[in-house]
Protein chains: 2
Amino acid sequence: MLSVALGKVNSSVVFRLGVLGAMATDLFAARIEAHELKPKHVGLMVVLDAGRASSQLEIAGVMGVAPSLVVALADRLQKLGAIERVRDPADRRRQVLTLTEHGRELLAVCEELAQSADAEFAADLTAAESAVLTGLLDRLAARQGLPSASNDPK
Amino acid sequence: MLSVALGKVNSSVVFRLGVLGAMATDLFAARIEAHELKPKHVGLMVVLDAGRASSQLEIAGVMGVAPSLVVALADRLQKLGAIERVRDPADRRRQVLTLTEHGRELLAVCEELAQSADAEFAADLTAAESAVLTGLLDRLAARQGLPSASNDPK
DNA sequence: TCAAATCATTCAATGCATGAATGATTCGCA
DNA sequence: TGCGAATCATTCATGCATTGAATGATTTGA
């Protein structure tokens, strides 16, 4: 046991995840910037793609943000032609958001950018380690009620 | 291989790390709030404790933030009595920051709070899995030039 | 010795996100 | 059937973290 030194804060999952998460987000943000997207726009598209929510209020719940923020995010995505906004005929208070074909293409582009960012960010990990990390993060995500990559939504 | 469904964005390390990191930070922030601290204040204390930097400009470099932000963070910590600010006699432009005894105690309290937050956040992971996760995050952190828990600073 | 560089600090500006207020629609109940 | 309360989306003003530019003090190098 050679690792001495630093206090527990620094080896805490919560603390380190926070610091690295901010860096990861910055890196990803830089990659998608050219498409006029921020990470939360991609997050919204992921939620739609996962079929986890359709009305804006539900989306706000899944994303853990204020409903008014969803309005702004959806405005941008709609302007880009990535989503459609349709009043629910059964309840005309609700706005139902769906990915357009162009939205799916845009999401696919973001997927590639995310993978290229992964290659840079996790360059020190072997493929096996990377898979372990993804699996563990997925378990944590599932517990937080996020769309999980190992849940088939259909 | 049952995991079908979602696109690669959602299983990307960078993307998922970002989302979970934000949640982790929120959780940790809530725990330390009563001590008038934000995560970045703790981050600054960790840097000092690790002996990674002493002048404010160095600290800004390690933390990846603007020097003017370090001023504000240090102001708060000094007001709380957690750090001392002393002009370097050899170069009186530099402010040398050091943890006070109270600062070390405060950091210890944050350590406990971080661990309790860990217990909640990673409740689904076994102790072994948690250790693996910490190790992998540590590898990533080291690559990003952060104070690593497995680096003895002395 | 003096001009350029360096460090800390202040200050104004930016951008993300929130909560309260508003309007439209639906629901529950008398 | 009708009316008040609840629900959803939207707008708006506000708060807060962070940045970059401007300023002042000090050091460095020529």
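Just the heavy atoms: all of them, side chains too, but no hydrogens, waters or symmetry mates, feed the values below. Note on naming: letters A, B, ... go to the chains in the order of the sequence lines (proteins, then strands), and numbering restarts at 1 for each one.
Both A:G64 and A:D88 sit near DNA chain C, but only A:G64 has its closest nucleotide nearer the 5' end.
Look at CG on B:D75: it is 17 Å from P on D:dC16, rounded to the nearest Å. Going from atom CG of B:L44 over to atom P of C:dA8 covers 12 Å, rounded to whole Å. Rounded to whole Å, atom P of D:dT27 lies 16 Å from atom CG of B:L57. In this structure, the NE2 atom of A:H41 is 12 Å from the C1' atom of C:dA17, given to the nearest Å. Look at CD on B:Q95: it is 4 Å from P on C:dT9, rounded to the nearest Å. Protein atom CD1 of A:I59 is 15 Å distant from nucleotide atom C1' of D:dT10, rounded to whole Å. Spacing between atom CZ of A:R87 and atom C1' of D:dC8 amounts to 8 Å, rounded to whole angstrom units. Taking atom CG of B:L69 as the reference point, atom P of D:dA21 lies 16 Å away to the nearest angstrom.
Hydrophobic cluster membership is shared by A:L80 and A:I32, with clusters built from Ile, Leu, Val, Met, Phe, Trp and Tyr side chains linked at under 4.5 angstrom.
In the set D:dA25, C:dC11, D:dT10, the nucleotide with an atom closest to the side chain of B:R93 is D:dA25. If you check C:dT9, C:dC16, D:dT26 against the side chain of A:K38, the one that comes closest is C:dC16. Nearest nucleotide to the B:R85 side chain, out of C:dT9, C:dA17, D:dC12: C:dT9.
Although no hydrogens or angles enter the test, the distance criterion places a donor-acceptor pair under 3.5 Å between the side chain of B:E58 and the main chain of B:S54.
Put simply, the side chain of B:E105 reaches to within 4.5 Å of the side chain of B:E101, judged on heavy atoms. Using a 4.5 Å heavy-atom threshold, the side chains of A:T100 and A:L106 count as separate.
Using a 4.0 Å heavy-atom cutoff across all strands shown, B:V65 reaches sugar-phosphate atoms only and no base atom.
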